[in-house]
Amino acid sequence: MSYSKETDGKWQKKWAETGLYKYDPNAEGKKLYCLEMFSYPSGAKLHLGHWYNYSLTDSWSRMKRMQGYNVFHPMGFDSFGLPAENYAIKTGIHPKDSTLKNIDTMEQQLRAMGTTVDWDYEIKTCMPDYYKWNQWFFIELYKKGLAYRKNAPVNWCPSCKTVLANEQVVDGACERCGSEVVRKNMTQWFFKITDYAQELLDDLPKLDWPEKTKKLQTNWIGRSEGAQVALYVEKDGKRLENEDGTPVKLEVFTTRVDTFMGITYVVIAPESELCEKLTTDDCREAVEEYKKATAKVSEIERMSTTREKTGVFTGAYAIHPLNGRKVPIWAADYVVAGYGTGVVMAVPSHDERDFDFAHKYGLDIIRVIQSEKSVDDELPYCEKKGYLTNSGEFDGMEMHDAQKAIVAKLAEMDMGKWKVNFRLRDWLISRQRYWGTPIPMIHCPKCGVVPVPEDQLPVELPYDVEFTPDGESPLAKCESFMNCKCPECGGDARRDPDTMDTFVDSSWYQFRYCDNKNESEMFSREKIDKLCPVDKYVGGAEHACMHLLYARFFTKAMRDMGLLDFDEPFTSLVHQGVILGSDGQKMSKSKGNTVAPDEYIDKYGSDVFRTYLAFGFAYTEGGPWSDSGLQAIVKFFRRIEAMIPDAAKAASGVPADLTKDDKELNYAINYTIKSATNDIERFQFNTPVARLMELLNAISKYQQTEGAKPELYRKAVETLLLVLAPFAPHFTEELWCDALGNGYSIFNQKWPECDESALVKDEIEIAVQINGKVQFKVNIPATADQDAVEAIVKADSRLEGALAGRNIVKFIYVKGRLANIVAK
RNA sequence: GGGGGCGUGGCGGAAUGGCAGACGCAGCAGACUCAAAAUCUGCCGACCUUAAAUCGUGCGGGUUCAAGUCCCGCCGCCCCCACCA
């Protein structure tokens with residue numbers, strides 16, 4: 001019988017019946033928690049990317065199982081989210097119905113893949129038994145002051161009267177109706193991730209994560225050291241004061257406090273509340289006009305330095321605390337409200353953006369830094385070195401000394417201090433959507449914002465809701481949901497109409513797997529202590545800054561609440577690459593370049609497909625899809641099958657006396673074991689398959705030699721099967737158990753170990769180079785030291801010709817590799 | 001705009017700073033066959049009739065006995081940027 005998809009079904013059934021992959025917490029072996037990022041059931045089926053991620057991580061965990069680890073390998077579905085809701089709006093099929101149906105299909109497909117997933121630990125985030133704990137944890141964060149409300153902008157379509165996701169905004173217009181999208185402020189919930197900014201940064205070095213991912217997070221957190229300094233404000237000719245009579249301070253953050261004496265204007269983000277307060281009546285109309293215009297521009301565009309800067313004078317002035325200079329306050333959209341204080345001090349002489357802006361609007365430019373004393377550089381001069389000028393008492397100081405002096409002086413006046421600022425912003429979690437976890441908060445006219453009491457959780461998401469967009473959050477229109485009693489005063493109150501960002505679900509699911517049926521706790525401390533943190537986490541690199549940062553934040557917050565006792569959720573992380581369409585473009589239905597795995601599984605079986613995915617790509621790189629290599633795997637399998645009848649004739653073993661041919665095969669066996677084990681360990685899957693093909697070639701060659709020993713032949717074939725097993729579990733199980741008559745199951749066998757003595761060769765060939773260029777090759781004893789090799793090389797008749805009259809200056813021998821002669 | 005990555009034969013891709021192109025696909029030639037398919041064997045970076053030599057990892061510099069690999073500067077392509085998950 002040759003391998004086909006029937007083989008898959010046969011063994012999947014047996015594995016299930018015998019519970020081969022059931023996780024037993026008390027089993028022998030070191031615990032190993034292997035996790036892939038769970039999938040979002042938006043499409044009806046698993047796509048190629050899922051296969052690439054799940055089948056190969058499964059191969060990795062199969063090797064670890066065979067190596068004796070007690071592997072925990074669960075799977076679930078990230079099943080709340082926007083696409084199901086959009087699909088519902090389009091088709092009228094309820095998100096719950098479509099989602100649960102998709103999950104069923106995807107479970108079937110995952111089973112057909114033949115993974116080691118233990119389905120007893122499955123989770124689905126859209127079910128109340130899961131999202132109840134989102135709500136519980138939200139309230140815990142609220143109690144700790146880590147969840148709070150504030151105003152924040154949303155994308156708003158004035159025609160659909162609905163909030164839009166970034167992806168629903170195409171070129172500044174609503175994707176449904178084409179109306180121009182504006183930004184609008186709403187009161188929304190935030191999680192205070194910024195409280196953990198420093199720790200999130202500090203713990204990165206100890207993680208076994210790709211360096212690029214750590215770099216991305218480092219830049220995303222964006223720590224910068226500088227100073228927060230203040231200016232006074234003059235409006236309508238008077239010093240602006242607070243209600244208590246103290247002067248209003250305009251706070252700005254700067255990393256270049258040495259240029260403080262060069263301020264010629266101040267810029268404020270137009271949408272900030274302070275801008276409203278500063279604007280004079282004369283200028284109000286112009287500022288309002290400007291605010292309307294900037295509301296249409298996205299934040300990414302605003303940050304662009306090539307885009308021509310625009311702005312408008314607010315009518316107010318800032319008063320410099322050290323020299324008393326009166327400088328205009330402008331509103332301009334190159335300042336972002338969410339970063340720092342939303343106000344920037346402008347020093348056009350030493351900042352390119354300020355320089356351009358000052359030039360355009362005819363604002364003053366005063367030089368305060370010189371690269372060398374008395375050298376007037378061309379402006380803007382933005383190098384971070386030099387000496388102060390035009391800065392009064394600070395003139396002549398080196399800029400870093402000047403920074404200290406200026407901050408010290410401002411601190412004395414209570415107008416400045418050193419400050420560390422982060423680019424990271426708090427996590428906005430409110431979504432004005434239906435298909436998500438309801439926010440467990442009640443708004444009482446008397447008591448204000450009140451959390452839902454724990455015994456009333458979960459706040460269930462109602463099924464019958466009108467979710468066509470018509471100006472309100474879908475839940476806001478559901479009266480039976482919205483109306484409730486205030487837990488404090490018992491009076492009539494309303495629920496929060498928003499749902500949570502689905503990233504909340506995925507920030508702690510890795511812990512829920514360990515205790516997925518717990519009804520009284522989010523998870524038990526005992527189970528978490530035993531299984532967590534996750535030892536190996538595998539998923540796409542696109543999550544580097546969001547999911548992976550949020551999950552780290554949750555873990556740290558949970559630790560501080562005593563829910564668990566470690567600092568990081570994912571000890572080791574791997575990103576799989578992206579498989580592109582055969583045209584080299586990202587796969588998408590609209591481009592028509594998608595690859596449907598199901599068709600290939602029907603035709604070739606799961607194992608051919610899995611092994612091809614391993615062999616055809618560099619795992620962490622991915623690349624364009626091509627069918628052509630699949631046939632190579634079919635051929636590879638066939639050649640293995642052809643070896644079985646002869647292998648079945650003898651018992652497996654390594655004979656005591658080895659001939660040259662025996663030694664060669666034994667070398668191939670052990671070299672395969674050694675390199676494949678190393679490569680699989682580090683998630684490199686293409687080279688192990690290549691090594692197995694080499695082993696196959698070596699076995700073929702050996703079979704044709706005279707005096708080939710049947711027991712060694714069988715040993716070689718069995719090694720081939722064992723090392724191939726993680727990639728082709730059904731195929732190898734069939735050959736191992738049924739064709740060779742070994743005991744069930746191949747996955748209960750020990751992973752083969754390398755016999756290092758088989759890798760020791762008596763004689764090796766090395767290259768001889770002169771000045772780095774290969775001249776000829778010599779055979780040397782493997783144990784030869786540098787002196788011995790030098791003697792052999794110097795005695796070689798070819799050396800003189802290669803030297804061509806040059807003298808040997810130095811002789812370098814790199815053990816087992818080559819010799820290099822430096823000659824002049 | 002900011003951030004991250006990548007660039008090696010016709011193609012997918014190998015290569016702890018140490019003989020570039022493992023393994024495979026495609027191609028070419030041969031064996032088997034009435035024939036084809038399948039299978040097996042050999043060849044397969046460029047230049048060159050062949051051999052030898054030379055050149056060769058996007059381009060230009062540098063470090064080193066030795067650079068695809070490390071450093072600097074370009075060019076090209078791809079990904080991410082907080083309401084897609």
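Values reported hereafter were calculated over all heavy atoms of this structure, with side chains retained and with hydrogens, waters and symmetry mates removed. Here is how names work: the chains are called A, B, and so on, in the same order as the sequence lines, proteins then strands, and each is numbered from 1.
- Using atom C1' as the reference point in both C77(B) and G58(B), the two lie 11 Å apart (nearest Å).
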Enumerate the protein-to-nucleotides 11-17 of chain B contacts in which both atoms are nitrogen or oxygen and the separation is below 3.5 Å.
unit_1: G12(B); atom_1: O2'; unit_2: Gly616(A); atom_2: O; d: 2.2
unit_1: G13(B); atom_1: OP1; unit_2: Gly622(A); atom_2: O; d: 2.8
unit_1: G13(B); atom_1: O3'; unit_2: Asn686(A); atom_2: ND2; d: 3.0
unit_1: A14(B); atom_1: OP1; unit_2: Asn686(A); atom_2: ND2; d: 3.1
unit_1: A14(B); atom_1: O5'; unit_2: Asn686(A); atom_2: ND2; d: 3.4
unit_1: A15(B); atom_1: OP1; unit_2: Gln684(A); atom_2: NE2; d: 3.0

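- Searching all strands for a Watson-Crick or G-U wobble partner of G76(B) with both distances below 3.5 Å returns C6(B).
- Formation of a donor-acceptor pair under 3.5 Å by the Arg798(A) side chain with backbone atoms of Lys777(A) is found in this model.
- Picking from A82(B), C19(B), C40(B) the nucleotide with the shortest atom distance to the side chain of Leu424(A) gives A82(B).
- Using a 4.0 Å heavy-atom distance criterion, Lys810(A) is classed as making no nucleic acid contact.
- In this structure, Ala476(A) and Pro497(A) approach most closely via the heavy-atom pair CB-CB, 3.8 Å.
- In this model, no donor atom of one side chain and acceptor atom of the other lie less than 3.5 Å apart for Asn421(A) and Ser224(A).
- Atom NE2 of His547(A) and atom CG of Asp78(A) lie 8.5 Å apart (nearest 0.5 Å).
- Comparing the same atom, P, in A66(B) and in G30(B) gives a spacing of 47 Å after rounding to whole Å.
- For the P atom pair drawn from G3(B) and A67(B), the interatomic distance equals 32 Å after rounding to whole Å.
- Nearest-nucleotide assignment on RNA chain B puts the 5′-proximal partner with Val774(A), out of Val774(A) and Ala632(A).
- For Trp220(A), the listed nucleotide lying nearest its side chain is A82(B); candidates were A82(B), C80(B), C83(B).
- If you take atom P in C70(B) and the same atom in G17(B), they sit 8 Å apart, rounded to whole Å.
- Pairing for C34(B) is absent, judged as Watson-Crick or G-U wobble with the two contacts each under 3.5 Å.
- Across the strands present, G27(B) finds its partner in C43(B); the criterion is a Watson-Crick or G-U wobble pair with both atom distances under 3.5 angstrom.
- Among the protein residues, Gln432(A) comes within range of the nucleic acid bases, having at least one heavy atom under 4.0 Å from a base atom.
- Counting any heavy atom pair closer than 4.0 Å across all strands shown, Met546(A) reaches a base atom.
- Residue Asn155(A) contributes atom CG, which lies 13 Å from atom C1' of C84(B) at whole-angstrom precision.
- Summary of the strand contacts: Leu164(A) and Arg639(A) both lie near RNA chain B, and taking for each the nucleotide with the nearest heavy atom, the more 5' one is attributed to Arg639(A).
- Base engagement by Glu765(A) is indicated by at least one non-hydrogen atom pair under 4.0 Å involving a base atom.
- Checking Asp646(A) against Gln703(A) by side-chain atom types alone, a donor-acceptor pair falls below 3.5 Å.
- Here the OH-CZ distance, from Tyr339(A) to Arg425(A), works out to 10.0 Å after rounding to the nearest 0.5 Å.
- Using a 4.0 Å heavy-atom cutoff across all strands shown, His543(A) reaches at least one base atom of the nucleic acid.
- Within the 4.0 angstrom heavy-atom criterion, no nucleotide atom of any strand lies near Val578(A).
- Scanning atom types as modelled, no donor and acceptor separated by under 3.5 angstrom connect the side chain of Lys586(A) and the base of C78(B).
- Checked against the 6.0 Å centroid threshold, Tyr604(A) and Phe609(A) do not count as a close aromatic pair.
- At the heavy-atom level, Leu216(A) lies under 4.0 Å from the strands shown only through sugar-phosphate atoms.
- Closest to the side chain of Leu818(A), out of A82(B), G4(B), G18(B), is G18(B).
- For Asn820(A), counting side-chain heavy atoms from C-beta on, the closest listed nucleotide (C19(B), A66(B), G4(B)) is A66(B).
- The phosphate of G24(B) (OP1 or OP2) has no side-chain N or O of Lys635(A) nearer than 4.0 angstrom.
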Check your understanding: Given the rule in the side chain to side chain donor-acceptor pair (under 3.5 Å) test, do Asn86(A) and Arg433(A) qualify, once you have shown the distances and angles that lead to the verdict?
Key -> CA-CA 10 Å; Asn86(A) 284 341; Arg433(A) 311 211 174 270; 5.5 Å; no

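- Comparing atom distances between the Arg425(A) side chain and each of C83(B), A82(B), G18(B) picks out A82(B) as nearest.
- Remark: the separation of the C1' atoms in C32(B) and G21(B) is 32 Å, to the nearest Å.
- Closest to the Tyr40(A) side chain, of the nucleotides C81(B), A85(B), C40(B), is A85(B).
- Pairing for U63(B) is absent, judged as Watson-Crick or G-U wobble with the two contacts each under 3.5 Å.
- Rounded to whole angstrom, the span from the CZ atom of Phe636(A) across to the P atom of C25(B) amounts to 12 Å.
- Applying the 6.0 Å contact sphere to NZ of Lys674(A) captures no more than 12 heavy atoms from other residues, nucleotides or ligands.
- The base-pairing partner of A82(B), taking Watson-Crick or G-U wobble contacts with both distances under 3.5 Å, does not exist among the strands shown.
- For Leu82(A), the listed nucleotide lying nearest its side chain is C84(B); candidates were C84(B), C23(B), G5(B).
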